[in-house]
There are 2 protein chains.
Amino acid sequence: VVELVDVSKIYKTEFYEVKALENVNLEIEEGDFAVIMGPSGSGKSTLLNLIGCLDKPTSGKVLINGIETINLSDKELTELRRDTIGFIFQTYNLIPTLSALENVELPMIFKGISKYERERRAKKLLGIVGLEREMDRKPNELSGGQQQRVAIARALANDPKILLCDEPTGNLDTKSGEQVMDIIKEQNEERGVTVILVTHDPTLAKYGNFIIRLRDGKIEGIEGG
Amino acid sequence: VVELVDVSKIYKTEFYEVKALENVNLEIEEGDFAVIMGPSGSGKSTLLNLIGCLDKPTSGKVLINGIETINLSDKELTELRRDTIGFIFQTYNLIPTLSALENVELPMIFKGISKYERERRAKKLLGIVGLEREMDRKPNELSGGQQQRVAIARALANDPKILLCDEPTGNLDTKSGEQVMDIIKEQNEERGVTVILVTHDPTLAKYGNFIIRLRDGKIEGIEGG
Ligand SMILES: Nc1ncnc2c1ncn2[C@@H]1O[C@H](COP(=O)(O)OP(=O)(O)OP(=O)(O)O)[C@@H](O)[C@H]1O
Ligand SMILES: Nc1ncnc2c1ncn2[C@@H]1O[C@H](COP(=O)(O)OP(=O)(O)OP(=O)(O)O)[C@@H](O)[C@H]1O
Ligand SMILES: [Mg+2]
Ligand SMILES: [Mg+2]
C-alpha cells in the first residue's frame, strides 16, 4: 500500500545542502504495523512526511496504493491526505484559535460531514483519549501531553486507512502512552489500518510486525516483516 | 534555594476553573538534583513555571534564595530569570527567525556580553550538544530532537545556578538522551548547579538525589532527598 523506490530527499538552501534521505527502498503492505527507529536527525520525520504526501522526494518514487504521488494533482493529493491518511505530527500542529473539539472536527469539515455527526464523533474520539472534560479548551490551556492526545484524536477523525505517527507518545507518561498505543494497535488489528510509527522509545518496537532502522538518511536494517 | 509554601495554582476562565496545583510544599537545597514525575496533566510544567518565575501562584509562597518572588518587581524578576535560572521548555520556545547560534546567543545579549564572547560561548555549547555544523540553521530547518538540543544549549548560555528542565529528552533517541543527561549531571556535580528536572521517563529518575511524585496537582510522595 506504501512503496518507496530509490527515494532521496535533499534540503537545499543557498548556503548548504542536507541529504535527509538517501536511496531509500521500502515496501509496506496493507495491514502492516511498521515501526521506524533511528537517532535524532536520521530522517524519520522526513520519511513520514514523504509517505504522507506533505512533501515530494528530490528523486525516486513514492507510491500510495500503487499510484505515484508525483502524478497526483494538488486536489488529488489533498483528497488522499483527507480521506486515506491520518497524521500525528511530532509537533501536534493544533490550531491555536480552535478548541480541542473544533481541532478534532476540522478534518471532518473538509469531508463535508454534518455538524451533528462531527460533534458526536469528535466527542467520542476525545473520550477515547481521556479528554472529554477538556474539549472546550484551546491548545495553550492544555498540558503538553494533553495537546498530544488531541492530535491523536484528530488523526483518527476521518477513519484513515493509513495512520502515520511521529513520536505519538513523546510527551506522555507510561500509562497514557500505553493507552495511546492500545488505541493505535486496535486500529491496526480490528480495522486493518496500516500503521507507520516513528519512535525513539525501544519499548514501542514490540507493537509492530516489523522494524525499520534509519541512520543518516539510509536504511540501516529491517527486522521482521 | 527553592522553597514552595502551601502553593496552589488555579487557572480560571469565564467557563471553568482548573486546580493545576493544590497546597504544594517543597524544599530544594542548593546542589540538589530533584526529579519530578507524574501523569500527563498532573501539574509538572505548572510547578516548573512557578519556580522559574514565569507565572505567579494563586495562593502560597514561592521563595528563590529566601526571597519571596511575589515581592520582586518585574525588573528584578527578569534579572533573576536571566542571571540565575536556565529553562529548557517542553516546547523549546526557540525564536523561528533566528538561527540556532543566535538563539543560544540571545540570553547573553540581555546580559551585555560582547559579540565575540557570545559567539565563542554559543559555538562551544552547540558543540557540546553535537550541533556545531547546524548552527546557522533556523529551527524549522532542524529535526525535533535537534531543536530540543538547541533549547538545552540556550538554557546553559548564562551559566545558570538553577537549571529547570521540562522533558529535556522527550524527542531524543536513547544515545542523544544519555548525552544530554550527562551534560546536565555534569552541571550538577562539577558546577554545583541545582537541577529540577521534569520527566515521564522512569529511567531518568536515577540521575536525581530525590524524586517528587505529582498526581492531580498534589504531591503524592517524595523519595530520597
Ligand atoms: N526544512 C529543512 N531544511 C534543512 N534541513 C532539514 C529540514 N528538515 C530537516 N532537516 C534535516 O534533515 C535531517 C533529517 O531530519 P528529520 O526531521 O527527518 O530527522 P528525525 O529523524 O525526525 O529527527 P528527530 O528524531 O530529531 O525528530 C536532519 O539532519 C535535519 O537537520
Ligand atoms: N493556561 C492554562 N489554562 C487552563 N488550564 C491549564 C493551563 N495550563 C495547564 N492547564 C491545566 O493544568 C493542568 C496541569 O497542567 P501541566 O501542564 O502542569 O501538566 P503536566 O504535568 O506538565 O502535563 P504533561 O506531562 O502532559 O506535560 C492540566 O490539567 C492542564 O489542562
Ligand atoms: Mg522527527
Ligand atoms: Mg508538561
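Quick note on labels: first sequence line is chain A, next is B, and so on, each numbered from 1. Everything numeric in this text was worked out from a predicted model, so none of it was measured.
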Could you measure the distance from the [atom1] atom of [X] to the [atom2] atom of [Y]? Nearest 0.5 Å is fine.
X: B:Y92; Y: A:T91; atom1: OH; atom2: OG1; answer: 9.0 Å
X: B:K175; Y: A:H200; atom1: NZ; atom2: NE2; answer: 12.0 Å
X: B:D173; Y: A:L214; atom1: CG; atom2: CG; answer: 12.0 Å

Next on the checklist: Under a 3.5 Å threshold, yes or no: a donor from one side chain and an acceptor from the other, between B:N171 and A:E167?
Outcome noted: no
For chain B, the option from [options] that forms the most heavy-atom pairs under 4.5 Å:
options: A:G145, A:G130, A:S40; answer: A:S40
options: A:Q148, A:R149, A:E134; answer: A:R149
options: A:K44, A:M37, A:E141; answer: A:E141

Checklist entry - Between B:S45 and chain A, which part of the residue has a heavy atom less than 4.5 Å away: side chain, backbone, both or neither? => result neither
Checklist entry - Does any heavy atom of chain A fall under 4.5 Å from the side chain of B:T13, the backbone, both, or neither of them? => result side chain
Next on the checklist: For chain A, which candidate among B:G177, B:P39, B:S42 shows the most heavy-atom pairs at distances under 4.5 Å?
Outcome noted: B:P39
Checklist entry - Hey, which of B:G144, B:G43, B:P202 has the most heavy atom pairs under 4.5 Å with chain A? => result B:G144
Has [X] got more than 12 heavy atoms of other residues, nucleotides or ligands less than 6.0 Å from its [atom1]?
X: B:K56; atom1: NZ; result: yes
X: A:D216; atom1: CG; result: no
X: B:N140; atom1: CG; result: yes

Checklist entry - Does B:R133 count as lying over the ring of A:Y16, i.e. NZ or CZ under 6.0 Å from the six-ring centre, within 45 degrees of the axis? => result no
Checklist outcome for this item: Scanning both residues in full, the closest heavy-atom pair of B:R137 with A:V18 reads NH2-CG2, 3.2 Å
